[in-house]
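Structure record follows, encoded as structure tokens.
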Amino acid sequence: MAHERYNAPEREKHWQDVWTQKDIFRAREDGSRPKRYQLEMFPYPSGNIHMGHVRNYTLGDVMARYMRAKGFNVLHPMGWDAFGLPAENAALERKVHPAKWTYENIATMRRQLKSMGLSIDWSREFATCDPSYYRHQQKLFIDMFKAGLVYRKGAKVNWDPVEHTVLANEQVIEGRGWRSGALVEQRELEQWFFRITALSEELLAALETFDKWPDYVVTQQINWIGRSEGLLVRWALDAATAPQGLGEVEVYTTRPDTLFGASFVAVSPDHPLAKAAAAGDARLAAFCEECRRSGTSAAELETAEKKGFDTGIRAVHPLDPAWTVPVYVANFVLMDYGTGAIFGCPAHDQRDLDFVRKYGLPVIPVVLPPDTDAASFAIGATAYDGDGTMINSRFLDGLTPKAAFDEVARRLEASTLAAAPVAARKTNYRLRDWLISRQRYWGCPIPFIHCDSCGAVPVPDDDLPVKLPEDVTFDQPGNPLERHPTWKHVNCPSCGAKARRETDTMDTFADSSWYIVRYTAPEAATPVDSAAAGYWLPVDQYIGGKEHAILHLLYARFFTRAMKITGHLRIDEPFSSVFTQGIVIHETYKAADGRMLMPIEVQITTGPDGVTRVATEIATGNPVTIGPVEKMSKSKKNVVDPDDIITHYGADTIRWFIVSDSPPDRDVQWTESGVEAAGRLVQRVWRLVNEAIDKGAEKGAAMPAGFGPEAEALRRTAHKTLANVGRNIEQLRHNVAVAQIYELANALAGTLGKSDEGMPWALREATEIMVQCLGPIMPHLGEECWARLGYNTLLTEHPWPTPDAALLVDDTITIAVQVNGKRRDELKIARTASRQEIETAALGLEAVVRAIEGRAIKKVIVVPQRIVNVVV
RNA sequence: GCGGACGUGGUGGAACCGGUAGACACACAGGACUUAAAAUCCUGAGAUGGCAACAUCGUGCGGGUUCGACUCCCGCCGUCCGCACCA
């Protein structure tokens with residue numbers, strides 16, 4: 001019987017309408033079922049969805065649909081990370097208001113996401129730029145301020161004098177603003193900070209329990225927090241050389257064991273000691289100024305020379321009052337780490353060694369590497385930072401560095417300088433407080449009012465939200481909020497005097513740090529509905545790009561803890577499990593005249609050798625060079641528009657292809673032939689299902705008493721596929737699940753023409769299993785087949801079947817037989833066969849006898865159900 | 001420099017806890033159907049030698065452990081990513 005082709009675009013629309021009408025993806029709290037909060041990182045509404053979105057949301061949707069079928073009460077929401085700079089740039093370039101631009105993009109992208117057939121609860125959708133969202137963020141901000149987790153302080157920023165704005169480090173290119181080209185100034189501005197460092201230790205400690213996070217993410221977060229154990233050591237300054245009023249300098253060190261190898265002390269150009277010394281020394285002042293001016297970009301730092309300036313001041317060694325070392329101002333000492341001052345031990349620190357070689361200071365080795373002769377040990381061009389035995393260190397000699405560390409700490413803690421202990425143990429962190437002030441319009445207004453007498457006063461609850469004014473223009477540089485005629489002029493909520501509204505807005509990372517919580521009750525009058533949050537949180541699985549492995553995840557972790565401290569939440573961590581997906585890559589194409597071409601402008605054929613791929617430009621017929629496979633990007637032009645694929649092939653095809661072939665955590669290469677294969681599979685499944693229905697048993701027919709071998713084999717394949725597909729989806733190995741569904745489809749196709757006892761029943765069973773297995777990945781086709789199979793219920797609402805355990809293990813198995821580790825034959829034998837039976841059968845195999853060549857058998861290793869190895 | 005990941009046919013990848021390497025898919029070749037094409041279906045295929053049976057080699061390179069290594073250990077090489085003067 002001939003069957004119509006499956007009309008994907010038409011049927012997909014139909015099933016999406018059915019799902020919407022029945023409202024089946026709406027999530028409700030239900031204590032009778034286990035909950036599952038499945039979340040993918042919400043998109044920035046930049047204009048259109050791209051393949052990265054398709055991959056992200058497909059991976060999550062397959063999981064959400066599978067978990068739903070497994071009986072979980074699933075929350076799977078979607079929203080918009082809608083504040084941000086691109087909207088302001090669009091306003092600048094196209095004279096369109098950021099809100100209009102943003103909401104138009106949201107409308108487009110919502111339509112595109114819906115065309116993918118995602119099982120999203122759209123009733124919970126929100127955009128972070130909506131006052132109904134950010135008013136609660138303002139409330140959280142004020143509560144965090146009251147809890148001491150928000151504060152203001154002066155901070156150095158990159159100031160663009162033309163744009164009148166602060167620039168991120170990435171926006172400073174060779175010392176100039178990326179947009180204006182103006183020389184960037186370092187300005188000290190009062191800025192708002194989150195006190196994330198207050199939680200350094202607990203943010204670090206909890207990482208140890210993250211067994212369902214990628215290891216690399218945990219490692220990167222550990223490094224980012226950067227805990228180190230050290231000692232604060234106060235060095236007295238030689239009074240004869242020190243500036244007036246300065247008696248000491250405090251350094252931070254993780255290697256107090258190497259103190260007897262010290263040859264200098266160095267301070268940052270911004271250190272008070274440097275400033276005091278520069279006050280009386282014009283050349284030093286000029287040196288400090290030069291250090292401040294030099295770039296802070298990674299590239300510049302890498303090549304920057306280690307430079308120092310001898311202040312003439314001498315510092316007294318804390319373990320020997322008779323020993324002094326010079327104090328330098330050095331460009332490589334950072335003011336905002338430790339104390340902004342260090343002591344240098346060149347023998348055991350490469351950077352110190354480089355510095356000392358330049359300025360001719362002594363190098364004293366104090367750690368002797370193992371199995372090295374003390375008399376001949378010397379430091380050349382390379383510092384030694386390994387373990388060993390202390391030497392040249394008086395009372396430390398012979399100790400390990402670790403023991404020496406403790407001994408120095410003990411002695412210095414006990415001795416005093418100016419009536420206080422010389423040293424104290426100190427744990428330091430690389431993590432800095434989170435600067436969130438942005439001198440921008442399109443962000444969440446910071447809800448504070450500056451009053452000359454009361455200081456920074458929070459906006460009262462009743463006055464929230466502080467809404468962005470809509471009547472702003474972008475025709476001049478700077479922050480529109482600053483120059484708005486009325487917005488910032490308000491009265492102090494505390495004393496009533498004339499005051500000034502804060503015009504900074506928040507870093508958009510703040511918006512995305514708690515949206516996961518808001519999804520649990522997006523309409524709640526308070527930031528959090530504790531019943532809803534208590535039911536749904538934490539997120540059971542979070543899926544998104546690797547680029548957010550550090551900051552976004554860390555900030556969301558911080559917010560969760562801060563919301564607990566301020567009484568909004570009762571959990572510590574937002575994500576039980578995190579998964580980071582790879583990117584979508586594609587070949588690049590270059591025409592002879594150097595133009596990059598898009599994939600749709602290029603036709604690929606196979607060359608005369610049958611292997612080489614040949615590309616031609618469709619419009620001109622000219623040859624095209626196939627370039628490297630790279631991340632899809634507009635500049636490389638190697639982008640494929642998801643809309644085109646969905647229109648042409650349908651959503652199921654794009655979903656199937658994007659999870660095929662490559663493991664989800666690796667990059668996936670988009671190929672035209674791969675999409676065609678996915679499109680073919682859609683039609684093939686439809687044909688197979690129809691043919692199987694023609695030849696199969698009626699829906700609900702009684703299971704026959706027995707099955708012939710062909711029917712039995714099909715049943716085994718079907719049940720194994722069912723078990724494997726479920727397991728692989730749970731482990732986010734979608735590509736393997738896809739391969740297994742192919743295997744079942746192949747088995748079904750191979751069995752269709754065969755007649756065997758019980759075959760009609762087995763055909764229907766295998767077909768239903770295949771449809772259910774592909775349902776989470778190709779939900780529309782799944783529904784269509786399900787209806788064709790005679791069901792008037794939805795596949796989406798049908799429980800995931802339990803495989804028959806008896807069919808998952810074979811009675812007869814095939815095991816390999818090796819001779820001296822080389823496979824020589826295979827053996828079909830009962831699964832329950834004893835070692836002796838297996839050995840006898842294996843030794844009787846003709847190929848095995850031949851391979852033994854009459855040699856004496858030393859031993860036979862038999863691993864039942866696995867392998868036999870004959871050793872001769 | 002520090003940290004992390006990866007390396008398997010022409011291609012993407014599979015291989016559970018150390019047990020038949022190459023599942024599945026792409027590309028390719030041959031065949032069926034067709035006047036023909038498209039679509040579809042079937043078959044083949046790691047490399048080398050051989051008509052074949054079969055043999056040898058084979059998971060980046062070099063060692064090691066083991067009856068047996070893509071898998072574990074040691075040392076290299078290469079690619080990619082993150083951080084980067086952190087005392």
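Letters go in sequence order (proteins before strands), and every chain restarts at 1. Predicted, not measured: the structure shown is a model, and the values here were computed from it.
An anti orientation is assigned to B/C54, its glycosidic angle lying beyond 90° of 0. More than 90° away from 0 lies the glycosidic angle of B/G49, which makes this nucleotide anti.
Distances shown here put every side-chain N or O of A/R823 at or beyond 4.0 Å from the OP1 or OP2 atom of B/G19. Using a 4.0 Å cut-off, no side-chain N or O of A/Y742 falls inside it from OP1 or OP2 of B/A25. In terms of phosphate contacts, A/R684 brings no side-chain nitrogen or oxygen within less than 4.0 Å of OP1 or OP2 of B/A39. When the side-chain nitrogen and oxygen atoms of A/K822 are compared with OP1 and OP2 of B/C57, one or more of them lie within a distance under 4.0 Å.
Of the candidate nucleotides B/C85, B/C86, B/A25, B/A25 has the atom lying nearest to any side-chain atom of A/A677. For A/S673, the listed nucleotide lying nearest its side chain is B/C26; candidates were B/G3, B/C26, B/U20. The side chain of A/T606 sits closest to B/C28 out of B/C28, B/C86, B/C24. Closest to the A/V871 side chain, of the nucleotides B/C67, B/C41, B/A87, is B/C67.
With hydrogens and angles ignored, a donor-acceptor pair closer than 3.5 Å exists between the side chain of A/K306 and the base of B/C85.
Applying the salt bridge (charged side-chain N to carboxylate O under 4.0 Å, His left out) rule to A/R234 yields the partners A/E248; only residues at least two apart in sequence or on another chain are considered.
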Classify every nucleotide of nucleotides 7-17 of chain B by which part a protein heavy atom approaches to under 4.0 Å, writing B for the base, S for the sugar-phosphate alone and - for neither, in 5'-to-3' order.
-----BSSS--

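B/G68 and B/G1 have their P atoms separated by 39 Å, given to the nearest Å.
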